[in-house]
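Each remark here refers to the structure printed beneath this line.
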Amino acid sequence: MDVLVIGAGVCGLTTGIYLAEAGLSVTIRAAAPPERTTSVAAGALWGAVRVGPPERVLGWGRTGLEVLSKLAAEPGTGVRMASGREVSRTPLEPYYWTQLLSDLRSCEPSELPAGFTHGWHYSVPLATMPVYLEYLRARFERAGGTIEVATIPSLARLAGVAPVVVNCTGTGARDLVPDPTVVPVRGQVVIAANPGIEEFFVNRDEEPPWITYMFPHGDTILLGGTNEEGAWDLDPKPFIAERIVAQAAAIDPRLRGVTILGHRVGLRPSRPEVRLESEPLGDSVLWHNYGHGGAGISLSWGCAAVIAAGILGTPGSTQPPGVTSPVS
Ligand SMILES: Cc1cc2nc3c(=O)[nH]c(=O)nc-3n(C[C@H](O)[C@H](O)[C@H](O)COP(=O)(O)OP(=O)(O)OC[C@H]3O[C@@H](n4cnc5c(N)ncnc54)[C@H](O)[C@@H]3O)c2cc1C
């Protein structure tokens, strides 16, 4: 084994794919398989909320935007390009990372729901996470990678197990590293039958821990949600689900009486900054790749590219096909 990746969420899988497709022998070891990670609960729209630092996020996000846009053109990946709006009842600055988008524009008054006065319209990749994670898992295994389900109790014990170890443990890094700056930000969402909504929608006005958003995924629609700092509880709470649906239906009447199909809860791995750096681990090298907050789907390819460049020493050759921007 050349590389041991810890974690089978979106960060572990994309890192594993980069390295396995470059010809390395890669094993992913994870306490939970992809379908039981935080990653499967995500919306998952390209963007960079609750993550830093901004200058590095722009570089990772640019790579993510390019790779995900390319995947959106391929059948079976679970990714598509989606248009939609972020709206407010007060003047609204676009997020800094929307500078990477080519079609960002102000909403026309006719595009705003009743009561809203400002908004931005744009198009970005949107991933249906259960499908996207399955695509990533299959692609990793096709490249020769293997996935083992096992908990790693200590990083120190991994010295010498493989020349390179990559730590993609999300909130698990809090205990494993240990890193007390990693804090869970609990997100609960509702999956409902889609009554015909095609565009995504985000209301930027709500007070934490609430945020109202709607991400359509074909026959289903994902309704959010919450940002609960420091909460570890993975059980969906009925009163939260009821409020999510009520808030969404108040904005879009097509959601009144909607059929509920399921609930998902994930713990965003929040940290003041993403930790993407290497350090010695005995005779091995340990790369850290965690702390992606509310943006792990969007930044995972960019962060994986940095690690691949660090391990292989050839940044140009580590770009996935069709990606031309530099990594940072
Ligand atoms: C409701 C919600 C909505 C979101 N929406 C978006 C969005 O629209 N766009 C976006 O980009 N991001 C979004 N996010 C954020 C995104 O989901 C996360 O940033 C991302 O999933 C983090 O991925 P990860 O691979 O680092 O961690 P995880 O998916 O949590 O995976 C961690 C892996 O590490 C393993 N692990 C942990 N500790 C150990 C250990 N000791 N030993 C072995 N294995 C271990 C786990 O079992 C798991 O396999 C959202 C998150 C939530 C909850």
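Indexing begins at 1, ligand by ligand and atom by atom, following the structure's order. This one's a predicted model, so the numbers in the text were calculated from it and none came from an experiment.
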Quick one: salt bridge (charged side-chain N to carboxylate O under 4.0 Å, His left out) pairs with a partner in residues 257-270, sequence neighbours left out?
-> none
Mark yes or no for whether N194, through its side chain, and G218, through its backbone, hold a donor-acceptor pair below 3.5 Å.
-> yes
Treating Ile, Leu, Val, Met, Phe, Trp and Tyr as nodes and any side-chain heavy-atom pair under 4.5 angstrom as an edge, say whether M129 and L267 lie in one connected cluster.
-> no
Which of the atoms of ligand 1 are close to V10, meaning less than 4.0 Å from one of its heavy atoms?
-> 23 (O), 25 (O)
Between V40 and ligand 1, find which residue part has any heavy-atom pair under 4.0 Å and reply side chain, backbone, both or neither.
-> neither
Between I297 and ligand 1, does any nitrogen or oxygen pair lie at a separation below 3.5 Å?
-> yes
Does V189 approach ligand 1 within less than 4.0 angstrom via side chain, backbone, both or neither, non-hydrogen atoms only?
-> side chain
S298 N/O under 3.5 Å from ligand 1 N/O | yes
Kindly identify the option in A42, G7, P269 whose heavy atom sits closest to atom 17 (O) of ligand 1.
-> A42
Can you pull out the closest protein heavy atom to atom 26 (O) of ligand 1? Residue, atom name and distance to 0.1 Å, please.
-> C11 SG, 3.5 Å
Could you list all the salt bridge (charged side-chain N to carboxylate O under 4.0 Å, His left out) pairs where at least one residue sits in residues 3-14, not counting sequence neighbours?
-> none
Region of Y213 that comes within reach of ligand 1 [heavy atoms, distance under 4.0 Å] | side chain
